Amino acid sequence: MPRLSKGFTMVELIAIMVIASILATSAIGSYNNYNHWQDINEQTLDMLNTLRRARDYSMAANEKFYLSVDIDDDTYTLKYKDAKEALNLPGETSNVFTMPNYVDFTTTASDVGTDLEFNILGELTATETKTIAINTDERTITIVSPTGYIYVQ
């Protein structure tokens with residue numbers, strides 16, 4: 001007499017559980033990587049917006065603007081005027097901005113560590129385009145010479 005199957009065997013249930021756990025593990029890993037990338041992206045865009053605000057503020061004040069990036073401390077500093085005074089933007093308490101510990105300035109153009117100068121029209125005075133790489137080229141901030149246009153890739 002034929003035997004009717006009315007459910008799953010124990011082997012089938014275990015196989016399904018193993019497959020489901022493998023899929024869940026890969027999904028969780030991908031989600032964690034995506035969250036990490038999102039955090040880095042958010043900080044990079046914050047830096048971009050701060051640089052644009054500083055450039056616009058200095059243009060409105062008809063003053064030069066300076067950007068200094070410290071690769072070792074993962075900070076950047078804003079200054080303006082010929083005397084290189086601290087540029088405290090409205091709503092900010094300092095002219096030094098520190099990136100969180102998960103954001104790392106990895107490489108920059110040869111002289112980004114020194115003051116990059118923008119003239120009173122917001123144009124970069126350097127003769128070449130400058131880039132600031134973040135977390136081994138995950139994101140880069142590019143400052144185009146001579147226009148001073150700042151964007152993220």
Side-chain angles (χ1 to χ4, degrees), residues 14-153:
I14 291 174
I16 290 171
M17 290 173 58
V18 167
I19 292 170
S21 66
I22 291 170
L23 292 174
T25 303
S26 66
I28 290 171
S30 297
Y31 183 71
N32 285 339
N33 289 341
Y34 178 73
N35 277 343
H36 179 70
W37 185 88
Q38 281 293 87
D39 291 341
I40 292 168
N41 186 53
E42 180 181 352
Q43 292 301 319
T44 304
L45 292 176
D46 283 348
M47 180 179 177
L48 173 75
N49 289 331
T50 301
L51 294 178
R52 287 180 177 169
R53 284 180 41 220
R55 183 192 59 204
D56 295 346
Y57 181 84
S58 298
M59 286 171 56
N62 206 25
E63 295 289 346
K64 292 181 180 179
F65 156 62
Y66 301 90
L67 166 66
S68 178
V69 177
D70 186 345
I71 299 170
D72 297 328
D73 293 335
D74 294 324
T75 62
Y76 60 99
T77 306
L78 306 175
K79 301 173 190 168
Y80 77 131
K81 299 184 179 179
D82 286 329
K84 295 186 180 180
E85 297 175 19
L87 173 57
N88 291 336
L89 295 171
E92 300 290 344
T93 58
S94 174
N95 70 321
V96 178
F97 297 86
T98 303
M99 300 301 258
N101 62 355
Y102 54 86
V103 176
D104 187 29
F105 294 125
T106 52
T107 58
T108 61
S110 60
D111 59 349
V112 168
T114 62
D115 290 336
L116 283 180
E117 182 180 337
F118 294 78
N119 64 21
I120 61 173
L121 300 174
E123 299 169 339
L124 185 64
T125 58
T127 58
E128 60 190 37
T129 296
K130 304 295 181 182
T131 58
I132 303 168
I134 298 172
N135 285 31
T136 315
D137 292 330
E138 275 188 54
R139 304 292 283 163
T140 58
I141 294 178
T142 304
I143 305 169
V144 179
S145 177
T147 61
Y149 179 67
I150 306 169
Y151 67 95
V152 173
Q153 287 182 312

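Values reported hereafter were calculated over all heavy atoms of this structure, with side chains retained and with hydrogens, waters and symmetry mates removed. Bear in mind that the values here come from a model prediction, so they are computed numbers and not experimental data.
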Exercise for the section: Decide side chain to side chain contact (heavy atoms under 4.5 Å, CB included) for His36 and Asn135; before the verdict, give the C-alpha distance in whole Å, the side-chain angles of both, and the deciding distance to 0.1 Å. Expected result: CA-CA 11 Å; His36 179 70; Asn135 285 31; 4.2 Å; yes

Problem - Donor-acceptor contact present, side-chain Ser58 to main-chain Arg55, <3.5 Å - result: no

Problem - From Leu51 atom CG to Ile141 atom CD1, the distance as rounded to the nearest 0.5 Å - result: 6.0 Å

Fill in the blank from the handout: Rounding to 0.5 Å, atoms CE (Met47) and CD1 (Ile150) come to a distance of 9.0 Å

Problem - Under the salt bridge (charged side-chain N to carboxylate O under 4.0 Å, His left out) test, residues paired with Arg53 that sit two or more places apart - result: Glu92

Handout entry: Ion pair check, Glu117 and Lys64, cut-off under 4.0 Å
Key = yes

Exercise for the section: Examine distances only and state if a side-chain atom of Asn95 and a backbone atom of Thr77 form a donor-acceptor pair shorter than 3.5 Å. Expected result: no

Problem - Distance, nearest 0.5 Å, that separates CD1 of Ile40 from CE of Met99 - result: 9.5 Å

Fill in the blank from the handout: Closest heavy-atom pair, Val96 versus Ser94, reported as atoms and distance to 0.1 Å, is N-OG, 3.0 Å

Handout entry: Side chain to side chain, Leu116 and Ile143, heavy atoms closer than 4.5 Å
Key = yes

Exercise for the section: Would you check, one step at a time, whether the test side chain to side chain contact (heavy atoms under 4.5 Å, CB included) holds for Ile71 with Asp104? Expected result: CA-CA 8 Å; Ile71 299 170; Asp104 187 29; 5.8 Å; no

Exercise for the section: Report the distance from atom CZ of Phe118 to atom CG of Leu78, rounding to the nearest 0.5 Å. Expected result: 9.5 Å

Problem - Exam field: side chain Ser30 to backbone Ala27, donor-acceptor pair closer than 3.5 Å - result: no

Practice task
Determine, stepwise, if the pair Leu89 / Tyr57 fulfils side chain to side chain contact (heavy atoms under 4.5 Å, CB included).
Solution key: CA-CA 8 Å; Leu89 295 171; Tyr57 181 84; 4.0 Å; yes

Handout entry: Lys79 NZ/CZ over Tyr66 ring centroid, <6.0 Å and within 45° of normal
Key = no

Problem - Atom pair CH2 (Trp37) and CD (Glu138), whose distance is rounded to the nearest 0.5 Å - result: 9.0 Å

Completion exercise
For Leu124 and Val144, the nearest pair of non-hydrogen atoms, with its separation, is CB-O, 4.1 Å

Problem - Check: Asn49 side chain, Leu45 main-chain N or O, donor-acceptor pair, under 3.5 Å - result: yes

Fill in the blank from the handout: For Phe65 and Ala54 the tightest heavy-atom approach is CE1-CB, 3.5 Å

Handout entry: Over 12 foreign heavy atoms within 6.0 Å of OH, Tyr102
Key = yes

Problem - Side chain proximity check, Thr75 to Val69, heavy atoms < 4.5 angstrom - result: no

Exercise for the section: Take Thr142 and Gln153 through the test side chain to side chain contact (heavy atoms under 4.5 Å, CB included) and record every step on the way to the result. Expected result: CA-CA 8 Å; Thr142 304; Gln153 287 182 312; 4.0 Å; yes

Practice task
Please work out which of the three classes, parallel, tilted or perpendicular, describes the rings of Phe105 and Tyr76, given edges at 30° and 60°.
Solution key: perpendicular

Practice task
To the nearest 0.5 Å, tell me how far Ile134 CD1 sits from Arg139 CZ.
Solution key: 8.5 Å

Fill in the blank from the handout: salt bridge (charged side-chain N to carboxylate O under 4.0 Å, His left out) filter on Asp72, not counting sequence neighbours, yields none

Exercise for the section: Could you check if a side-chain atom of Leu23 sits within less than 4.5 angstrom of a side-chain atom of Ile19, using non-hydrogen atoms only? Expected result: yes

Exercise for the section: Measure from the side-chain N and O atoms of Asn119 to the backbone N and O of Gly122, and report whether any donor-acceptor pair falls under 3.5 Å. Expected result: yes

